[in-house]
Every structure is written in C-alpha cells, then in structure tokens.
K.L.:
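Sharing a structure, written as structure tokens. Questions coming.
Predicted, not measured: the structure shown is a model, and the values here were computed from it.
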Amino acid sequence: MSAEHLPWESLEGPIYHAKELKPRKKWVYIGGWILSAALILGGIITPYHILILFGLLYVLTLLMKKDVVVTERGVETFYQMRITTHYEFWPWKEILSVTTEDRNHPELVALHFARGNRSKRLFYPKADAKQIVVLAKKKNSRIVTANMKPKTGNSKKR
C-alpha cells in the first residue's frame with residue numbers, strides 16, 4: 001500500500017492524526033545514516049558479516065513511515081516500510097480505557113489507550129483530545145475515561 005491508500009482513507013467520519021511530541025532532530029537522522037554506513041562497512045571489512053544485516057535493518061527503520069490515527073472504528077496504526085507494510089487495529093469494543101495526561105505542553109496532550117495488557121500513548125491537540133474522549137464514550141460506553149493527575153515535586157525516589 002502506498003501513502004495514497006491508507007486503510008482509513010475511505011471513512012466518512014472524523015480522522016484524528018497523532019502528532020509527534022519530539023520529532024527527530026536533523027543530527028539524529030544524519031547520525032543514523034552514518035551508523036548504518038559504519039555497520040555495513042564494518043560487516044564488509046571485518047569477519048563479523050552479521051553487521052551488514054544490522055546496518056540494513058537500521059536503514060529500513062530510517063526509511064519507515066508510521067501513521068497513527070483515531071477514527072470512528074478505533075485506533076489504527078499503519079507502518080510503511082520498503083519491503084513490507086503492517087496494519088494494527090484496535091477497535092473501540094476492545095479498548096478498556098482512555099486516560100488524558102497533560103504534560104504541560106502548550107498545544108498537545110497525551111492520550112493513553114489501554115487494551116488488555118497493552119497501552120499506547122499518543123499525542124493530540126487539546127481540542128482533538130476532548131473530541132476523541134467523547135467519541136470513545138459514544139462508541140463504547142464501558143470505556144473508562146480519566147484524567148491523569150500531574151506529578152508533584154514532593155515525591156521521593158527509593
């Protein structure tokens with residue numbers, strides 16, 4: 001599937017795209033390419049040929065594109081890699097809770113979606129997050145919605 005053929009493309013209802021809280025900085029991206037080249041070169045010139053595989057896998061992760069959205073159907077994640085694609089779908093009926101966490105970001109809040117023993121933390125604009133919580137309750141009345149309490153500076157680490 002190409003970017004033009006995403007699984008939720010034909011849906012009529014609202015589609016809320018998750019945002020990145022901290023996108024990769026340019027030096028991290030360039031460093032990843034340098035590391036990939038070093039691994040591949042190391043695999044060629046040393047007897048440790050497995051490094052070539054690790055370098056190629058790292059290249060694939062640098063080229064991977066991940067799209068995460070909340071739709072009328074649930075939480076949908078689509079990974080586009082050069083050699084394959086992967087689609088992960090969490091329907092509303094399987095989601096147990098949606099927890100809102102304000103991380104003191106000027107525009108974004110975190111939503112934690114829980115399904116079984118797994119959870120996803122996704123970031124949305126504040127207005128979208130409120131609409132997503134309303135949508136979750138509308139689609140599954142058993143979903144527990146909550147606001148996470150902000151951390152206080154008084155907690156002691158053991």
K.L.:
Rounded to the nearest 0.5 Å, what separates atom CD1 in I132 from atom OG1 in T145?
P.N.:
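I132 CD1 to T145 OG1: 13.0 Å, rounded to 0.5 Å.
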
K.L.:
For residues 44-64, which side-chain donor-acceptor pairs fall under 3.5 Å, sequence neighbours excluded?
P.N.:
unit_1: T46; atom_1: OG1; unit_2: G42; atom_2: O; d: 2.4
unit_1: T46; atom_1: OG1; unit_2: Y48; atom_2: N; d: 3.3
unit_1: H49; atom_1: ND1; unit_2: G43; atom_2: O; d: 2.9
unit_1: T61; atom_1: OG1; unit_2: Y58; atom_2: O; d: 2.6

K.L.:
Can you tell if the side chain of V75 reaches within under 4.5 Å of the side chain of I95, non-hydrogen atoms only?
P.N.:
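Side chain of V75 against side chain of I95, heavy atoms only: contact under 4.5 Å found.
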
K.L.:
Please report the closest heavy-atom contact between A136 and I143, naming both atoms and the distance.
P.N.:
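Scanning both residues, the minimum pair turns out to be O-CD1, 3.6 Å.
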
K.L.:
Applying salt bridge (charged side-chain N to carboxylate O under 4.0 Å, His left out), can you list everything that pairs with K139, at least two apart in sequence or on another chain?
P.N.:
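Partners of K139 under the salt bridge (charged side-chain N to carboxylate O under 4.0 Å, His left out) test: E72.
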
K.L.:
What pair of heavy atoms forms the shortest contact from A129 to V109, and how long is it?
P.N.:
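Where A129 meets V109 most closely, the heavy atoms are CB-CG2, 3.3 Å.
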
K.L.:
Partners of S119 by side-chain contact (heavy atoms from CB on, under 4.5 Å), sequence neighbours excluded?
P.N.:
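Partners of S119 by the side-chain contact (heavy atoms from CB on, under 4.5 Å) criterion come out as none, since no residue qualifies.
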
K.L.:
By side-chain hydrogen bond (donor to acceptor under 3.5 Å, both in side chains), which residues pair with E20, not counting sequence neighbours?
P.N.:
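side-chain hydrogen bond (donor to acceptor under 3.5 Å, both in side chains) check on E20 returns nothing, list empty.
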
K.L.:
Is any side-chain heavy atom of P125 closer than 4.5 Å to one of K19?
P.N.:
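Of all side-chain heavy-atom pairs linking P125 with K19, at least one is under 4.5 Å.
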
K.L.:
Restricting to side-chain hydrogen bond (donor to acceptor under 3.5 Å, both in side chains), what partner residues turn up for T100, sequence neighbours left out?
P.N.:
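T100 satisfies side-chain hydrogen bond (donor to acceptor under 3.5 Å, both in side chains) with no other residue.
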
K.L.:
Side-chain donor-acceptor contacts of residues 33-40 below 3.5 Å, not counting sequence neighbours, with atom names and distances?
P.N.:
unit_1: W33; atom_1: NE1; unit_2: Y29; atom_2: OH; d: 3.4
unit_1: S36; atom_1: OG; unit_2: G32; atom_2: O; d: 2.9

K.L.:
Between atom CD of Q131 and atom CG of L135, what is the distance when rounded to the nearest 0.5 Å?
P.N.:
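Output value for this atom pair is 9.5 Å.
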
K.L.:
Which residue pairs pass the salt bridge (Lys or Arg N to Asp or Glu O under 4.0 Å) test with at least one member in residues 122-138, sequence neighbours excluded?
P.N.:
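Non-adjacent pairs meeting salt bridge (Lys or Arg N to Asp or Glu O under 4.0 Å): zero.
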
K.L.:
Holding to side-chain contact (heavy atoms from CB on, under 4.5 Å), I want the full list of residues that pass it with K25, two or more places apart in sequence or in another chain.
P.N.:
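side-chain contact (heavy atoms from CB on, under 4.5 Å) list for K25, sorted by chain: W27, V28.
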
K.L.:
Hey, what do you get for CD (E76) to CG (D67), rounding to the nearest 0.5 Å?
P.N.:
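Here the rounded value is 11.0 Å.
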
K.L.:
Report yes if some heavy atom in the side chain of V98 is under 4.5 Å from a heavy atom in the side chain of V144; otherwise report no.
P.N.:
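Answer no - side chains too far apart.
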
K.L.:
Do Q80 and T85 have a side chain donor and acceptor closer than 3.5 Å?
P.N.:
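No, no side-chain donor-acceptor pair sits under 3.5 Å.
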
K.L.:
Go through the structure and list residues passing salt bridge (charged side-chain N to carboxylate O under 4.0 Å, His left out) with R118, not counting sequence neighbours.
P.N.:
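Counting only residues at least two positions away or on another chain, R118 forms a salt bridge (charged side-chain N to carboxylate O under 4.0 Å, His left out) with E88.
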
K.L.:
My understanding is that only residues two or more places apart in sequence, or in another chain, count here; which of them pass salt bridge (charged side-chain N to carboxylate O under 4.0 Å, His left out) with R121?
P.N.:
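Residues passing salt bridge (charged side-chain N to carboxylate O under 4.0 Å, His left out) with R121: none at all.
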
K.L.:
Applying ring-ring contact (aromatic ring centres under 6.0 Å, His included) as the test, list every pair that has at least one member in residues 84-126; sequence neighbours left out.
P.N.:
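Checked against ring-ring contact (aromatic ring centres under 6.0 Å, His included) - neighbours excluded - the pairs reaching residues 84-126 are Y79-H86.
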
K.L.:
Tell me every residue that passes side-chain hydrogen bond (donor to acceptor under 3.5 Å, both in side chains) with N147, counting only those two or more places apart in sequence or in another chain.
P.N.:
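Counting only residues at least two positions away or on another chain, N147 forms no side-chain hydrogen bond (donor to acceptor under 3.5 Å, both in side chains).
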
K.L.:
Identify whether V68 and F78 are in the same connected component of the hydrophobic contact network (ILVMFWY, side-chain heavy atoms under 4.5 Å).
P.N.:
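Hydrophobic grouping puts V68 apart from F78.
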
